[in-house]
Number of protein chains: 2
Amino acid sequence: MRILDKISFKEQTFKLREDAILDAAHRLLAQKGFDLMTMDEVAADVGIAKPSLYKHFVSKEQLVGAAMIRLIEGALDFVDQLPPAESPLAKMKLVLGWALRVRLGGGLPYLPATSPQVREMLTKNMGYVTKVLKLNDLLSDIVALGKKAGELRSDLPDEVILFSFYARSCDPAVDYLRLYSALDNETIIAHMITGCFDGLAGAPKVTVAGSR
Amino acid sequence: MRILDKISFKEQTFKLREDAILDAAHRLLAQKGFDLMTMDEVAADVGIAKPSLYKHFVSKEQLVGAAMIRLIEGALDFVDQLPPAESPLAKMKLVLGWALRVRLGGGLPYLPATSPQVREMLTKNMGYVTKVLKLNDLLSDIVALGKKAGELRSDLPDEVILFSFYARSCDPAVDYLRLYSALDNETIIAHMITGCFDGLAGAPKVTVAGSR
DNA sequence: GTCTATAAGGAGATAGAC
DNA sequence: GTCTATCTCCTTATAGAC
């Protein structure tokens with residue numbers, strides 16, 4: 001029994017360290033992107049040596065893939081726990097607000113792959129692709145319901161709405177507003193949400209921003 | 001006189017080669033991004049040796065800066081030659097349509113700097129910053145006129161409209177639609193323009209897309 | 001001004017002691 | 001499992017012949 005406890009303890013610390021590695025990778029990825037994030041930095045950030053890092057993840061690509069999978073899992077959880085009573089449009093605003101808060105808190109956009117190389121790398125990662133497709137299915141359903149309810153524009157193809165929605169979660173305008181404007185985070189989020197769904201043109205719109 | 005002609009000829013070929021280098025850099029930047037574009041590739045693409053490249057541009061950063069400056073100059077030209085009779089909103093749609101066509105033709109978004117490192121590099125390049133500020137002034141004027149005319153939402157700060165507008169010119173949704181949808185380029189552009197200004201929510205909108 | 005050949009340094013990945 | 005020290009490859013940049 002003592003032996004089992006010891007193994008379990010080892011496993012626990014192993015898991016804890018793995019989480020710490022993923023946390024560090026997540027933050028560094030958000031800060032510097034894939035190319036500029038070095039394995040040396042990740043190891044230094046966690047406080048371990050680089051070879052120890054490679055005991056957990058066999059390559060940089062595997063490490064980044066694991067970090068991205070954890071991110072998508074978070075998005076899946078959030079979508080799963082959306083209040084069923086909300087309308088499709090309100091749900092989408094909640095999801096976008098959540099994703100933007102993650103980013104403004106120093107995290108990654110939950111569907112980045114903005115660089116061709118990273119996109120290709122991730123599309124080869126079956127675990128990642130599976131989860132992304134799952135998330136995409138959930139959001140596709142919401143879009144379909146929103147169109148049927150007249151809340152989303154039926155003249156736009158589903159894919160245009162979906163990809164534009166994803167793109168808003170990693171919109172560079174957010175970075176620029178954070179850097180060069182005096183607006184606080186929640187104001188930025190509210191503007192981005194209304195800008196996404198109501199557009200930039202026309203008369204002032206009254207919009208319910210995604211609640212925390 | 002013959003000597004002068006010879007000098008002039010040399011200068012002409014020098015200028016031609018420089019343009020060829022910038023063309024190659026532009027295309028490779030669009031394809032692979034700053035980090036993955038190597039000076040070897042640029043030289044090979046132009047058909048010259050790497051040291052010759054360094055006779056034209058003292059560093060990779062200078063080369064990319066020059067390419068970006070040429071890009072912004074193109075945008076300034078386009079904005080300068082907008083039909084004065086058009087409304088502010090129509091002008092913005094024309095500019096966005098133009099920028100998206102450049103990208104779908106294999107070029108760069110005319111205001112990228114999506115990666116922190118590249119952004120920092122460019123903000124240190126005074127020639128670049130000067131031109132960007134010039135472009136920003138022109139567009140700010142258009143935005144102000146658009147708000148006054150009731151064509152743009154007066155409840156959104158100018159900076160939100162401007163940055164969102166810039167961001168649409170490098171929207172990753174365009175890449176995803178090109179890769180994963182069956183839509184042709186002009187349809188993608190039309191959808192992106194109406195999505196930007198009219199939003200994703202609500203009833204179908206009738207929009208005049210930017211004309212070629 | 002252009003080339004061949006090479007320096008200098010960084011980053012992913014690993015060997016081998018403990 | 002973790003560390004120190006090292007390998008190897010790639011990329012920016014340059015020296016020196018022509």
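The sequence lines fix the lettering, A, B, ..., with proteins before strands; numbering per chain opens at 1.
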Query - Stretch residues 19-34 of chain B: residues that reach within less than 4.0 Å of DNA chain D through a heavy atom - result: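 Nucleic-acid contacts, sorted: none.
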Query raised in the report: Which parts of residues 35-51 of chain B get close to DNA chain D, meaning a heavy atom less than 4.0 angstrom away?
Result: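 Of all residues in residues 35-51 of chain B, the ones placing a heavy atom under 4.0 Å from DNA chain D are B:Met37, B:Thr38, B:Met39, B:Asp40, B:Lys50, B:Pro51.
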Report task. Under 3.5 Å for both distances, Watson-Crick or G-U wobble, that's the pair rule; now give the dot-bracket for DNA chain C, with | marking pairs to another strand and [ ] for crossing ones. Result -> ||||||||||||||||||
Report task. Please determine which of A:Asp184, A:Leu183, A:Ile188 meets the side chain to side chain contact (heavy atoms under 4.5 Å, CB included) test together with A:Glu186. Result ->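 When side chain to side chain contact (heavy atoms under 4.5 Å, CB included) is applied between A:Glu186 and each of A:Asp184, A:Leu183, A:Ile188, only A:Asp184 qualifies.
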What residues form a salt bridge (charged side-chain N to carboxylate O under 4.0 Å, His left out) with [X], not counting sequence neighbours?
X       : value
B:Lys91 : none
A:Asp35 : none
B:Glu41 : B:Lys32

Listing, residues 21-29 of chain B side-chain donor-acceptor contacts under 3.5 Å, not counting sequence neighbours, or none:
from    : atom 1 : to       : atom 2 : distance (Å)
B:Asp23 : OD1    : B:Arg70  : NH1    : 3.2
B:Asp23 : OD1    : B:Arg70  : NH2    : 2.9
B:His26 : NE2    : B:Leu108 : N      : 3.0
B:Arg27 : NH2    : B:Asp45  : OD1    : 2.9
B:Arg27 : NH2    : B:Asp45  : OD2    : 3.4

Requested in this report: In sequence, state the C-alpha distance, the side-chain angles, and the governing distance for A:Ser52 and A:Arg17, and then conclude on side chain to side chain donor-acceptor pair (under 3.5 Å).
Outcome: CA-CA 10 Å; A:Ser52 307; A:Arg17 176 163 291 192; 5.0 Å; no
Report task. Scan B:Lys55 against the nucleic acid and name what it touches under 4.0 Å (heavy atoms): base, sugar-phosphate only, or nothing. Result ->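 Base, at least one base atom sits under 4.0 Å.
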Salt bridge (Lys or Arg N to Asp or Glu O under 4.0 Å) partners of [range], not counting sequence neighbours, each pair once:
range                       : answer
residues 128-139 of chain A : A:Glu73-A:Lys131
residues 161-174 of chain B : A:Arg168-B:Asp171, A:Asp171-B:Arg168, B:Arg168-B:Asp171
residues 46-66 of chain A   : A:Asp40-A:Lys50

Query - Rounded distance [0.5 Å steps], CD1 in B:Ile161 versus OH in B:Tyr166 - result: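 Spacing of CD1 (B:Ile161) from OH (B:Tyr166) equals 12.0 Å.
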Query raised in the report: Nearest 0.5 Å, what's the CG-CG distance between B:Leu135 and B:Asp80?
Result: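 Nearest 0.5 Å value for the CG-CG distance: 9.5 Å.
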Requested in this report: Anything under 4.0 Å to a heavy atom of chain B counts; send over the first and last such nucleotide of DNA chain C, read 5' to 3'.
Outcome: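 Result: C:dG1 to C:dT4.
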Requested in this report: Take the protein atom CD of B:Gln117 and the nucleotide atom P of D:dT12, then report the distance between them rounded to whole Å.
Outcome: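 After rounding, the reported distance stands at 12 Å.
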**Report entry** Interatomic distance, A:Leu53 CG vs D:dT4 P [rounded to whole Å]
**Finding:**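 It works out to 14 Å between those atoms.
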Report task. State which residues pass ring pair (Phe, Tyr, Trp, His ring centres under 6.0 Å) with A:Phe163; sequence neighbours excluded, sorted by chain then number. Result ->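 Per chain and number, A:Phe163 pairs via ring pair (Phe, Tyr, Trp, His ring centres under 6.0 Å) with B:Tyr176.
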Query - Over all atoms of both residues, closest heavy-atom pair of B:Ser140 and B:Leu162 - result: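 Answer, listing the atom of B:Ser140 first, then B:Leu162: OG-CD1, 3.2 Å.
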**Report entry** 5' precedence on DNA chain C between B:Arg17 and A:Val58 (nearest-nucleotide basis)
**Finding:**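 That would be B:Arg17.
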